[in-house]
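In each ligand, atom 1 is the first atom listed, and ligand 1 is the first ligand listed.
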Amino acid sequence: MGKSHTLWLFFIQIIVKVSISSSGKVPAVIVFGDSSVDSGNNNFIPTLAKGNVEPYGRDFPGYPTGRFSNGRIPPDFISEAFGLKPTVPAYLDPAYNITDFATGVCFASAGTGYDNATSKVADVIPLWKEVEYYKEYQNKLRAYLGEEKANEIIRESLYLVSSGTNDFLENYYTMPDRQFQFTIQQYEDFIIGLAENFLRQLYELGARKISLTGTPPMGCLPLERTLNVLEHHGCVQKYNDVALEFNAKLSLLVAKLNKELPGFQVVDANGYNLFLQIITKPSRFGFEVTKTGCCGTGTFEMGFLCDPKSPFTCPDANKYVFWDAFHPSEKTSQILSKYLVENLLAKFL
Ligand SMILES: *[C@@H]1O[C@H](CO)[C@@H](O)[C@H](O)[C@H]1NC(C)=O
Ligand SMILES: *[C@@H]1O[C@H](CO)[C@@H](O)[C@H](O)[C@H]1NC(C)=O
């Protein structure tokens, strides 16, 4: 029995190897969402929500790129981990064309959300428009590589979707309309419905491998802490609770779509717990400051408010969990990305 057993094992190993390799490596990373993943599309539209002033980009590439970071953001790290290029270019950036976009492209726009009304707050690209750009991209890809190769890229690519925070913080809790229309639970459900429509659209357009990220512990963003005067600038528990509730609903949506749509592989790429650990136990991750961002006073600045001449801007962003009052530092993004790749996206590697 020993020998035939070994032989069987040998065959099984071959079958496993063949099926792994034929599942197709990821040929490109394709990005949708908000500032958590925007590599600079807002530079090319008329909005104030831009990360294209110094000191943004200070640590990579040394000048502002439009990313809301001192350096790279998660899609860049994830692309690199998948053996692709170390940065994912913005679709609206005229410095790039389909040759570059064939191995990675970003349609995300800082300040946007699932809700059309959210994108109107700062005049940024609504999600439906990101999808229009994606359709245009598909046409360019087919013209450039031919139908068959383009379809393979569309099918095998890893789609990173990260959105939701602005729907709550920039829209629901800041503008009057949605609060008047919906309780917070109803609004969460409304957003989940929009997320579902969006994911079904991606599926119909040929996307299969999706990484879906919801909201971080958004009550702990420095700006929200600054406003939380009554609780001595602690995290706003109400916002963290909404984030948890929303992420749990997203998780149910993921399970539902994976069950219903043949071949759809959506990963619930939830980094909430790790992010909260980083915020509550910063020294375990090598950070020293978690309550304020590096840029300016770190209490409210982002975008053009990050004054290049501010004497308060920190010298070493690697000691800060947050780069500005709303966005993680490059180092935090790197830690979160590594976790996502190794624990949740590894099956696509
Ligand atoms: C893209 O740009 C490169 C260099 O800028 C150029 O060589 C190439 O022909 C362009 N490709 C297409 C498809 O336009
Ligand atoms: C958002 O706006 C687009 C374009 O006007 C429209 O097609 C879509 O139905 C809107 N979505 C919702 C949920 O209203």
*asked:* Are Phe107 and Tyr137, when compared by the centres of their aromatic rings, separated by less than 6.0 Å?
replied: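 Centroid distance Phe107-Tyr137: below 6.0 Å, so yes.
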Going by the 4.0 angstrom heavy-atom rule, the piece of Ile98 near ligand 1 is side chain
| request: Spell out, with a plain yes or no, whether Cys294 and Cys314 have SG atoms under 2.5 Å apart. | output: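 Disulfide present: SG-SG distance under 2.5 Å.
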Less than 4.0 Å from atom 9 (O) of ligand 1, is there any heavy atom belonging to the protein?
no
(request) For atom 14 (O) of ligand 2, state whether the nearest protein heavy atom is under 4.0 Å away. (result)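 Neighbour list for atom 14 (O) of ligand 2 includes protein heavy atoms (cut-off 4.0 Å).
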*asked:* Would you say Tyr173 and Gln179 are linked by a side-chain donor-acceptor pair, where the criterion is simply a distance under 3.5 Å?
replied: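 Short answer, no.
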Exercise for the section: Using distance alone, with no hydrogens and no angle criterion, decide if Asn151 and Glu148 have a side-chain donor and acceptor under 3.5 Å apart. Expected result: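 Looking only at side-chain atoms, Glu148 and Asn151 do not form any donor-acceptor pair under 3.5 Å.
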**Q.** Identity and separation of the nearest protein heavy atom to atom 3 (C) of ligand 1
**A.**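 Ranked first by proximity to atom 3 (C) of ligand 1 is Asn97 ND2, 3.6 Å.
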One finds that the ligand 1 atoms under 4.0 Å from a non-hydrogen atom of Thr99 are 1 (C), 10 (C), 11 (N), 12 (C), 13 (C)
Problem set entry | salt bridge (Lys or Arg N to Asp or Glu O under 4.0 Å) between Arg67 and Asp38, intermediate numbers included | CA-CA 6 Å; Arg67 289 171 178 79; Asp38 178 3; over 6 Å; no
Nearest non-hydrogen contact to atom 6 (C) of ligand 2 from the set Asn197, Val131, Asn116 belongs to Asn116
Is there side-chain contact between Ser333 and Phe77, with at least one heavy-atom pair below 4.5 Å? yes
Contact region, Leu194 to ligand 2, non-hydrogen atoms below 4.0 Å, reads side chain
